[in-house]
Engineer: 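Just passing along the structure, written as structure tokens.
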Amino acid sequence: SQQGEEDPQALSIQEGENATMNCSYKTSINNLQWYRQNSGRGLVHLILIRSNEREKHSGRLRVTLDTSKKSSSLLITASRAADTASYFCAPFHSNYQLIWGAGTKLIIKP
Amino acid sequence: ETGVTQTPRHLVMGMTNKKSLKCEQHLGHNAMYWYKQSAKKPLELMFVYNFKEQTENNSVPSRFSPECPNSSHLFLHLHTLQPEDSALYLCASRPSGGGTDTQYFGPGTRLTVL
């Protein structure tokens with residue numbers, strides 16, 4: 001399988017805490033993207049990290065990429081109730097397709 | 001709001017019905033996608049169109065028939081579906097070339113096949 005695989009499958013934390021989600025993939029990539037999906041809605045692009053980058057920040061989001069381990073992590077700092085959603089990593093494969101996993105379901109408890 | 005719209009948002013149909021899903025994007029993109037999302041499963045890529053030409057058919061059953069009349073519109077024609085086809089169907093678009101790989105998704109059509 002060439003899927004991006006997220007870990008954990010589900011994560012429940014208190015508001016204000018940091019949330020970390022991990023992603024592993026199997027093949028070489030051009031870049032890796034993270035998306036968020038609110039329940040029953042479309043996916044929204046969060047951040048893209050290129051294969052020659054190791055870390056990238058966007059607001060409260062921090063993404064790392066380790067191409068030698070074929071893994072990435074998404075850190076959301078100071079979580080808020082509005083961050084409750086499913087998060088997907090999508091390695092962008094050299095055949096110009098995004099390879100999707102099943103996502104991490106994040107619940108932020110007030 | 002991503003600039004990609006899908007209609008209808010919800011659809012209930014019997015196995016003998018024929019219906020169509022519509023996707024429209026106002027972003028000037030040239031690549032459009034249909035995905036199927038079932039509960040607790042990865043997104044499944046169904047079809048890809050680049051400049052109105054189908055470039056990917058991911059072994060989708062013939063009861064799903066895509067149509068791309070122009071770069072802004074994408075349809076998914078449905079006929080004689082099965083209950084296991086019930087899912088969220090997502091449309092996405094992407095600029096072709098230019099090094100932008102981000103996909104922009106519509107809100108999806110929640111399909112229930114009885």
Side-chain angles (χ1 to χ4, degrees), chain A residues 1-11 23-53 56 58 61 63 65 72 85-106, chain B residues 1-7 9-11 21 23-25 27 29-51 55-59 86-112:
Chain A
S1 169
Q2 297 180 351
Q3 293 173 355
E5 296 181 4
E6 294 89 352
D7 171 58
Q9 292 185 347
L11 179 62
C23 169
S24 61
Y25 57 93
K26 292 182 168 61
T27 62
S28 61
I29 59 172
N30 294 328
N31 63 67
L32 185 142
Q33 303 174 36
W34 284 90
Y35 288 78
R36 183 187 72 221
Q37 183 181 33
N38 291 92
S39 180
R41 306 280 298 185
L43 282 75
V44 176
H45 178 261
L46 293 176
I47 195 166
L48 180 154
I49 186 166
R50 302 204 178 277
S51 59
N52 61 353
E53 297 177 310
K56 199 162 184 180
S58 177
L61 305 180
V63 168
L65 179 65
S72 174
S86 291
Y87 291 82
F88 296 83
C89 78
F92 190 73
H93 192 48
S94 56
N95 68 354
Y96 302 105
Q97 302 299 348
L98 290 172
I99 312 298
W100 299 92
T104 292
K105 187 169 184 177
L106 175 65
Chain B
E1 183 63 44
T2 63
V4 181
T5 59
Q6 289 187 244
T7 54
R9 293 295 310 279
H10 300 272
L11 178 62
L21 309 185
C23 175
E24 187 171 357
Q25 56 95 2
L27 302 169
H29 295 169
N30 292 307
M32 296 187 77
Y33 302 75
W34 278 118
Y35 287 94
K36 175 184 178 183
Q37 186 178 34
S38 304
K40 299 184 180 180
K41 291 177 65 176
L43 251 65
E44 298 175 49
L45 178 64
M46 300 176 72
F47 302 103
V48 182
Y49 278 81
N50 269 293
F51 295 94
T55 57
E56 188 88 19
N57 178 337
N58 209 21
S59 302
S86 298
L88 182 68
Y89 288 83
L90 293 165
C91 173
S93 70
R94 181 180 69 85
S96 286
T100 300
D101 304 322
T102 300
Q103 293 186 13
Y104 296 77
F105 284 81
T109 294
R110 173 67 63 184
L111 174 66
T112 302

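As the structure is a prediction and not an experimental result, all values here were calculated from the model. Within every chain, numbering begins at 1; the chains are lettered A, B, ... in the order of the sequence lines, protein sequences first and strands thereafter.
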Engineer: Which residues pass the side chain to side chain contact (heavy atoms under 4.5 Å, CB included) test with B/T112, sequence neighbours left out?
Structural biologist: B/V12, B/S86, B/L114
Engineer: Is the closest side-chain heavy-atom distance between A/F92 and B/T102 below 4.5 Å?
Structural biologist: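 They are not in side-chain contact.
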Engineer: Going by the rule ring-ring contact (aromatic ring centres under 6.0 Å, His included), which residues pair with A/F88 if we only count those two or more places apart in sequence or in a different chain?
Structural biologist: none
Engineer: Does any backbone or side-chain atom of B/L43 lie under 4.5 Å from a heavy atom of chain A? Answer side chain, backbone, both or neither.
Structural biologist: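 Both backbone and side chain of B/L43 come within 4.5 Å of chain A.
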Engineer: If you take all heavy atoms of B/P42 and A/W100, which pair is closest and at what distance?
Structural biologist: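 Closest approach of B/P42 to A/W100, heavy atoms only: CB-O, 3.4 Å.
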Engineer: Below 4.5 Å from any heavy atom of chain B, which atoms of A/Q9 appear? Answer side chain, backbone, both or neither.
Structural biologist: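 Neither part, no heavy atoms under 4.5 Å.
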Engineer: If only side-chain N and O atoms count, and only distance matters, is there a donor-acceptor pair under 3.5 Å linking A/Q37 with B/Q37?
Structural biologist: yes
Engineer: Would you say that more than 12 heavy atoms from the other residues, nucleotides or ligands in this model lie under 6.0 Å from the NZ of A/K105, or not?
Structural biologist: no
Engineer: Is it the case that the side chain of A/Y35 and the backbone of B/Q103 share a donor-acceptor pair, with hydrogens and angles ignored and the cut-off at 3.5 Å?
Structural biologist: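 Side chain of A/Y35 to backbone of B/Q103: a pair is present.
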Engineer: So, taking the atom named CZ in B/R9 and the one named CZ in A/R41, what distance separates them when rounded to the nearest 0.5 Å?
Structural biologist: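 Going from the CZ atom of B/R9 to the CZ atom of A/R41 covers 4.5 Å.
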